[in-house]
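Here's the structure we're looking at; comments come further down.
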There are 2 protein chains.
Amino acid sequence: MSELFERHRARLDKAIDACEKRYSWTAFTESPSSKVHGKDIPAAARVAFDALLGEPFDIDMPATIGSVGEEVSPFTEAPLGITYPRVDVDTLFEAAKRAQASWCLQSTEERVGLCLEMLDRLARPESLFLNAHTTVHTAGQSFIMAFAGCGANALDRGLEALAYAYRAMQDVPETAHWERRFGATAETHLEKRYRLIPRGTSVVITCATFPQWNGYPAIFASLSTGNPVIVKPHPRTTLPVALFVRTMREVLAEYGHDPNLVTMAADTRDDPVTIELLHHPDTAIIDFTGGPQFGQWIEENCTNALVYTETAGCNSVVIESTDDFSGMCDAIAHSLCQASAQMCTSVQNIFIPRSGIDTGAGHLTLDEVCDGLVASVDKLIAEPRKAAFLCGTLVDENIYKTIDTLTVAGAESGHVLRESTPYEHPEFENARTATPLMLRVEAADKDLYGKEHFGPISFVIASDDADHALKRATEDVRDHGAITSHVYSADEQFLERAEHAYHMAGASLACNLVGMPINFAAAYSDYHVTGLNPAGNACLTDLAFVTNRFRIVQTKFRTAATTG
Amino acid sequence: MSELFERHRARLDKAIDACEKRYSWTAFTESPSSKVHGKDIPAAARVAFDALLGEPFDIDMPATIGSVGEEVSPFTEAPLGITYPRVDVDTLFEAAKRAQASWCLQSTEERVGLCLEMLDRLARPESLFLNAHTTVHTAGQSFIMAFAGCGANALDRGLEALAYAYRAMQDVPETAHWERRFGATAETHLEKRYRLIPRGTSVVITCATFPQWNGYPAIFASLSTGNPVIVKPHPRTTLPVALFVRTMREVLAEYGHDPNLVTMAADTRDDPVTIELLHHPDTAIIDFTGGPQFGQWIEENCTNALVYTETAGCNSVVIESTDDFSGMCDAIAHSLCQASAQMCTSVQNIFIPRSGIDTGAGHLTLDEVCDGLVASVDKLIAEPRKAAFLCGTLVDENIYKTIDTLTVAGAESGHVLRESTPYEHPEFENARTATPLMLRVEAADKDLYGKEHFGPISFVIASDDADHALKRATEDVRDHGAITSHVYSADEQFLERAEHAYHMAGASLACNLVGMPINFAAAYSDYHVTGLNPAGNACLTDLAFVTNRFRIVQTKFRTAATTG
């Protein structure tokens with residue numbers, strides 16, 4: 001039995017139990033508080049981060065033929081000046097293939113044990129703090145979001161995928177005894193051995209905003225089942241990926257395995273390697289997180305490999321009524337602000353009956369509901385320190401253009417409820433910031449709201465009534481996808497209709513959430529992405545996410561016990 | 001809890017246990033012996049079969065726009081004269097979609113219970129006997145093979161798939177309680193409900209030879225997970241499919257469900273509906289059994305759906321040495337004869353060292369080994385009654401052309417070890433029979449043996465030595481696929497090398513099998529098709545075969561217990 005597996009077994013067992021019962025649990029530390037970590041580790045991580053700037057990233061990568069690097073901090077607008085190995089794709093795949101040869105002969109426990117050790121290393125405070133700094137200055141998140149969301153929360157999703165992979169592999173026994181009589185012949189006794197064989201090289205394409213949250217599940221699902229992994233980071237957010245790839249390679253090498261089981265193919269926006277990776281004849285598995293258009297292209301064109309996508313959709317809220325108007329407004333406003341609505345769970349389209357809604361405090365007109373939502377947003381970001389904490393920055397400077405274009409278009413079709421302006425960041429004067437743009441439009445303005453607008457852009461959509469709102473919102477799920485959907489209603493019958501309508505459209509639903517960050521998707525509990533609508537074809541994480549990453553071969557032979 | 005589920009629960013539980021431990025078990029009756037069934041039921045089934053001939057098949061099918069039917073008995077060469085509804089594809093899909101709407105709202109136990117009841121009906125003696133007659137006079141199997149192989153053995157594979165589907169669905173809990181504190185807020189309590197949603201309409205394409213064996217697993221995997229199923233039978237072998245589809249529809253209707261959950265789209269070879277079914281926008285799942293070329297086309301072109309294929313490959317035997325020469329020759333000969341080598345597990349390519357092999361009774365030259373194999377074949381089919389029992393008939397009259405062509409080509413490249421001639425069927429004078437054609441060629445003659453030749457055609461391939469044989473055989477696995485592979489060797493080290501080589505090529509291996517029908521693939525024990533080589537992308541049956549046929553949606557909501 002693998003030493004590392006034994007060392008981390010309790011954590012794995014707990015994760016398996018959590019997946020089964022789906023309660024709230026984290027294996028890792030979400031808080032960056034100095035009460036937890038002291039002051040030395042955070043300070044050292046800050047120094048370690050500064051030391052990375054302007055230098056070639058210290059990572060040994062096979063097939064290196066040059067260097068690339070074009071990251072710019074969304075907080076300082078200054079280039080990070082860090083370069084990464086540029087690789088020759090064919091040579092990289094050869095290295096991956098060589099690494100697979102011995103890896104796939106290891107026991108399940110050995111492979112899973114190594115993955116558990118990687119998670120443990122990545123979860124050490126010094127790693128979490130450095131990971132957070134790298135995420136801040138690439139993905140543009142606030143430090144607290146980068147620390148928890150791209151730290152513990154992402155590691156939990158990785159552990160969750162590993163737990164599922166382990167269970168799927170455990171489902172296949174190692175041996176069996178089989179005996180029967182065929183017709184008049186003597187009893188036949190067979191021994192059978194079953195062995196798990198990986199699919200082959202796994203290409204994981206991570207996104208600019210949350211490379212760890214989607215990357216870890218894909219990497220651990222593939223690696224634990226025997227497949228070598230090539231990670232293709234987004235050119236804007238390569239540093240956090242380089243950091244975790246380096247840690248994974250270190251763990252592999254330390255325990256005598258080929259570090260080329262995990263490699264990275266960094267590129268630039270002008271000269272991407274993505275298509276070359278996707279279409280490489282050795283590519284057997286593709287995990288993609290990113291835009292819906294490219295995701296769909298992969299689903300339709302990469303028939304050479306298993307394809308798992310998580311993209312984005314038109315996440316909606318349908319408001320029918322509420323017992324807690326201010327709680328509801330605060331909850332929705334939080335989603336519009338958090339990480340500048342660049343999360344795959346951020347709300348975009350808010351459907352409200354034109355005649356307004358009933359609340360615990362009486363009927364409110366549509367205008368009054370809009371006022372409430374805007375007021376909640378204004379309140380959340382009134383203080384620059386809180387705005388910075390909640391919104392972070394824009395990962396992509398092009399979002400400003402989208403905001404400008406939609407401000408004009410929104411004013412033409414409907415009107416601007418709230419203009420987007422930069423907020424003043426208390427720490428970084430050049431920070432690329434934007435507060436939520438909120439537009440009020442009609443249900444007929446589908447051209448405007450009927451697709452994902454990446455960034456802090458939302459629509460209040462005046463609908464004929466609540467059922468019309470529901471109809472329109474679920475049509476959007478079918479046409480454009482959804483990762484999260486919300487309904488607010490004090491009417492049990494409407495909630496039932498809403499649940500049915502969203503479920504039949506292939507979407508999950510959250511009802512009347514208040515008093516918590518509604519964008520939050522919980523590892524071990526929330527099945528993330530249904531796979532039933534255009535926002536992705538795979539779920540993080542369920543059995544289907546892992547069961548096909550390996551296959552089963554067997555050997556059968558007669559035993560001495562057989563009488564001839 | 002579903003009444004039917006409770007009634008059949010013990011059988012399901014036993015199947016789940018058998019899948020887990022992979023011992024030998026059957027839930028059904030393999031023997032057609034009158035000692036088991038008496039004489040009345042077999043006689044009545046015979047009468048029932050005769051009554052089918054020359055009539056429109058009595059089945060109510062939605063979207064009927066005419067009739068089709070072109071089956072010819074391989075035993076009598078006479079048309080069966082049976083016609084089946086020809087359907088309008090769009091209208092059929094609409095009916096399937098309507099049926100799904102209520103089916104997917106049923107509990108898992110209700111759906112699985114219905115499937116268990118279908119299996120039970122199909123396993124009744126009157127069904128098994130009638131099923132066997134229909135299989136004999138379409139697929140061309142001998143009665144004994146049709147009774148067991150297309151009866152109990154196929155039902156076992158269906159039950160096996162159902163067991164996996166049930167376990168996969170059971171893996172998702174119905175509800176969960178979730179609570180945590182976000183920062184300084186009060187504790188949040190959420191209740192979560194998880195619901196399984198089917199992918200959508202499932203198209204199952206069955207083959208001419210064993211429509212039940214591959215059809216049942218696909219149908220029960222899809223149907224139990226909520227998907228309506230459209231079965232597209234091969235035009236040569238529509239009758240057995242029509243029979244089981246009718247039984248399934250009867251069970252559904254009897255228990256108040258929409259019979260259009262299982263429908264059939266019969267066609268003709270000149271006017272096939274297959275492509276229209278595959279590319280229909282509602283098609284969400286495709287199960288295909290048939291030729292490798294079309295299977296590959298589906299894998300590459302049907303990106304609109306999940307695709308599960310089982311096709312065929314160049315099944316090989318590598319002979320290095322043996323302790324039991326006559327046992328080995330008999331075992332291989334049995335594979336060359338059984339069902340006229342029209343099984344997906346039939347052996348085609350027999351690699352033997354040019355210098356011969358060591359046996360328990362001393363060294364034998366290659367010629368002597370060839371003689372032994374031919375003698376075993378001759379012995380097995382010497383008596384017409386035994387030949388009929390073992391070989392049955394050819395499902396496709398075109399196989400005669402292949403035999404003729406290869407006899408000429410084989411004589412040019414190497415030589416003919418054994419000519420194929422019809423054997424005289426003791427019961428049917430027009431029976432379409434052929435004994436095994438055996439050719440001896442060189443390893444270099446890959447043009448000849450390096451692809452599947454459907455029918456009783458095999459090659460003894462002279463190789464430089466046993467390791468060369470292994471190399472060539474496993475290259476064929478990679479290039480052309482394999483469903484079964486055999487090695488005979490008394491050398492433990494060679495067996496180890498063979499196991500490694502076949503496994504790394506993505507094939508399972510049987511070692512030194514004698515005294516049993518080596519084509520036999522056991523439900524609950526043998527993972528059939530690895531999915532790692534061109535002979536198919538899916539395994540019958542494992543978790544991967546079922547986990548993606550449904551998806552998971554959820555609803556979360558705050559509970560009263562929540563303190564705000």
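Quick caveat, the model's predicted, so the values are computed rather than measured. Sequence lines set the chain letters: A, B, ... in the order given, protein chains first and strands last, and positions in each chain run from 1.
Counted within 6.0 Å of CD on A:E191, heavy atoms from surrounding residues, nucleotides or ligands total more than 12; the atom is thus considered enclosed. Residue B:F389 qualifies as open at atom CZ: its count of foreign heavy atoms under 6.0 Å is 12 or below.
Proximity to chain A is limited to the side chain of B:L105, based on heavy atoms less than 4.5 angstrom apart. There is no contact between A:V546 and chain B, counting heavy-atom distances below 4.5 Å. Residue B:R549 does not touch chain A at all, counting heavy-atom pairs closer than 4.5 Å. Using a 4.5 Å cut-off between heavy atoms, B:D526 touches chain A through backbone and side chain atoms alike. Both the backbone and the side chain of B:E300 come within less than 4.5 Å of a heavy atom of chain A. B:V172 touches chain A through backbone and side chain together, each having a heavy atom under 4.5 Å away. Looking at B:R195, only its side chain comes within 4.5 Å of chain A, counting heavy atoms on both sides. For B:Y488, no part lies near chain A; criterion is any non-hydrogen pair under 4.5 Å. For B:V487, no part sits under 4.5 Å from any heavy atom of chain A, backbone or side chain. The contact between B:A507 and chain A is made entirely by backbone atoms, counting heavy-atom distances below 4.5 Å. Contact of B:C302 with chain A is not made at all, since no heavy-atom distance falls under 4.5 Å.
The most heavy-atom pairs under 4.5 Å with chain B, out of A:W178, A:F557, A:Y23, come from A:W178. Across B:T26, B:V514, B:N537, the residue that shares the most heavy-atom pairs under 4.5 angstrom with chain A is B:V514. Here B:P517 is the residue among B:A168, B:P517, B:S485, B:G515 with the most heavy-atom pairs under 4.5 Å with chain A. For the options B:K21, B:R193, B:E20, heavy-atom pairs under 4.5 Å to chain A are most numerous at B:R193. Heavy-atom pairs under 4.5 Å with chain B were tallied for A:E299, A:E179, A:K192; the largest tally goes to A:K192. No other option in B:C104, B:G531, B:G183 has as many heavy-atom pairs under 4.5 Å with chain A as B:G531.
In terms of heavy-atom proximity, B:S508 sits nearest to A:Q554 at OG-N, 2.8 Å. Of all the heavy atoms in B:R551 and A:A544, the pair that sits closest is NH2-CB, 3.2 Å. Between B:V553 and A:T530, the shortest heavy-atom distance links the atoms CG1-CG2, 3.8 Å. When all heavy atoms are compared, the tightest approach of B:A176 to A:R22 is CB-O, 3.6 Å. Here the shortest heavy-atom pairing between A:R180 and B:S24 reads CB-OG, 3.4 Å.
Looking at heavy atoms from C-beta onward, A:T303 lies in side-chain contact with B:T303 at the 4.5 angstrom threshold. For the pair B:N548 and A:N548, the minimum side-chain heavy-atom distance is 4.5 Å or more. Residues B:D171 and A:Y164 form a side-chain contact, since some pair of their non-hydrogen atoms from C-beta on lies under 4.5 Å apart. Taking the side chain as every heavy atom from C-beta outward, B:T188 and A:L513 never approach each other to under 4.5 Å. Inter-residue side-chain proximity for A:Y194 and B:S525 is flagged as met; some heavy-atom pair is nearer than 4.5 Å.
Atom CZ of A:R558 and atom CG of B:D324 lie 7.5 Å apart (nearest 0.5 Å). Atom CZ in A:F520 sits 4.5 Å away from atom CZ in B:F182 (nearest 0.5 Å). Atom NE2 of B:H503 sits about 11.0 Å away from atom CG of A:L196, to the nearest 0.5 Å. In this structure, OG1 on A:T555 lies 11.5 Å from OH on B:Y502, to the nearest 0.5 angstrom. With rounding to the nearest 0.5 Å, the separation of CE in B:M504 from CD1 in A:I197 is 4.0 Å. A distance of 9.5 Å separates CG in A:L532 from CD1 in B:I552, rounded to the nearest 0.5 Å.
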